[in-house]
Engineer: 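Here you go, one structure.
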Amino acid sequence: MDEVLASVAEKIKNFAVIYVVDITEVPDFNTMYELYDPSTVMFFFRNKHIMIDLGTGNNNKINWALKDKQEFIDIVETVYRGARKGRGLVTAPKDYSTKYRY
């Protein structure tokens with residue numbers, strides 16, 4: 001996931017900034033957002049947490065590794081467009097539920 005984040009940082013610099021946070025340094029943040037996975041992506045817009053409906057049931061964060069750069073760019077762009085319109089919950093461009101994997 002780190003490689004994807006680093007590689008898309010330049011492409012999304014006009015509408016997003018990527019921050020890496022060590023969760024051992026900020027324990028208050030861990031309890032507030034239930035951070036316990038090794039890699040978690042969350043979205044904020046003007047100090048407000050933006051939730052994203054990925055079809056997984058957990059709308060707060062992405063807690064799995066995305067391998068496709070364009071897929072991540074599409075998610076970030078969708079979140080940005082929705083957040084600019086004042087939405088607190090946006091729908092992902094792709095459904096990540098497991099019902100289509102079988």
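Computed from a predicted structure; not experimentally measured.
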Engineer: Mind checking whether Tyr33 and Phe44 have parallel, tilted or perpendicular rings, split at 30° and 60°?
Structural biologist: perpendicular

Engineer: Please determine whether residues Val90 and Met42 belong to a single hydrophobic cluster, defined as Ile, Leu, Val, Met, Phe, Trp and Tyr linked transitively by side-chain heavy-atom distances below 4.5 Å.
Structural biologist: no

Engineer: Taking side chain to side chain contact (heavy atoms under 4.5 Å, CB included) as the criterion, tell me which of Val41, Ile75, Asn60 meets it with Ile52.
Structural biologist: Ile75

Engineer: Can you measure from CD1 (Ile18) to NZ (Lys13) and round to the nearest 0.5 angstrom?
Structural biologist: 13.0 Å

Engineer: In Å and rounded to the nearest 0.5 Å, what is the CG to CG distance from Asn59 to Asp53?
Structural biologist: 4.5 Å

Engineer: Give me the atom names and distance for the closest heavy-atom approach of Lys67 to Val4.
Structural biologist: O-CG2, 3.7 Å

Engineer: Return yes when atom CG of Asp22 has more than 12 non-hydrogen atoms of other residues, nucleotides or ligands closer than 6.0 Å, and no otherwise.
Structural biologist: yes

Engineer: Between Val26 and Val21, which heavy-atom pair has the shortest distance, and what is it?
Structural biologist: CG2-CG1, 3.5 Å

Engineer: Any side-chain heavy atom of Tyr80 within less than 4.5 Å of one from Ile50?
Structural biologist: no

Engineer: Nearest 0.5 Å, what's the NZ-CG distance between Lys69 and Asp74?
Structural biologist: 14.0 Å

Engineer: Of the non-hydrogen atoms in Thr91 and Thr78, which two are nearest, and what is the gap between them?
Structural biologist: O-CG2, 3.3 Å

Engineer: Does the side chain of Ser97 come under 3.5 Å of the side chain of Asp95 through a donor N or O and an acceptor N or O?
Structural biologist: yes

Engineer: Taking all non-hydrogen atoms of both residues into account, name the closest pair between Thr56 and Tyr96 and its distance.
Structural biologist: CG2-O, 3.8 Å

Engineer: Please determine whether the number of non-hydrogen atoms from other residues, nucleotides or ligands lying under 6.0 Å from atom CD of Glu34 exceeds 12.
Structural biologist: no

Engineer: Taking Asn30 for the side chain and Ile23 for the main chain, is one N or O donor matched with an acceptor at less than 3.5 Å?
Structural biologist: yes

Engineer: What are the two closest non-hydrogen atoms of Met1 and Ser39, and how far apart are they?
Structural biologist: CG-OG, 3.6 Å

Engineer: Which heavy atom in Ile62 sits nearest to a heavy atom in Leu66, and how many Å separate them?
Structural biologist: CD1-CD1, 4.3 Å

